[in-house]
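Since we're looking at a predicted model, the values are computed, not measured.
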Amino acid sequence: MLLRRYGHRFRDLLAREANLPTWRELLTGFRRLEDRGEIRGGRFVDGFLGEQFALPVAVESLRGHASSSR
């Protein structure tokens, strides 16, 4: 649900949401989805530490935005 809404998730973005599981619980689910090839894990947004997860279509969008802002 979070990935469908935003396309991208990392720990610092959880502060914007209420009533969510802990990052550790989400991380377990995100890693399972990554293992199944449904989402991508990596470092997509500079300036934030830790793992980040995104839908495949969002990864391309984030890369396009990063290259156009340089």
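The shortest heavy-atom contact between Ile39 and Phe30 is CD1-O, 3.3 Å. Summarising the geometry of Ala58 relative to Gly7, their closest heavy-atom pair is CB-O, 3.1 Å, with the distance given to 0.1 Å. Summarising the geometry of Leu55 relative to Leu3, their closest heavy-atom pair is CD1-O, 3.3 Å, with the distance given to 0.1 Å. The two atoms that bring His8 and Ala54 nearest to each other are CD2-CB, 3.8 Å, heavy atoms only.
The side chain to side chain donor-acceptor pair (under 3.5 Å) search around Glu17 returns Arg5, Tyr6, not counting sequence neighbours. Under the rule for a side chain to side chain donor-acceptor pair (under 3.5 Å), the partners of Arg31 that lie at least two apart in sequence or sit in another chain are Glu51. Listed by chain and number, the residues in a side-chain contact (heavy atoms from CB on, under 4.5 Å) with Pro21 are Glu25, Leu26 (sequence neighbours excluded). Judged as a salt bridge (Lys or Arg N to Asp or Glu O under 4.0 Å), and not counting sequence neighbours, Arg24 has no contacts.
The side-chain contact (heavy atoms from CB on, under 4.5 Å) test with Gln52 singles out one residue from Val45, Asp12, Leu13, and that residue is Val45.
Between Phe53 atom CZ and Arg9 atom CZ the span is 12.5 Å, to the nearest 0.5 Å.
At distances below 3.5 Å, at least one donor-acceptor pair connects side-chain atoms of Arg43 with backbone N or O atoms of Gly50. Using modelled atom types, one side-chain atom of Glu34 and one backbone atom of Gly41 make a donor-acceptor pair closer than 3.5 Å.
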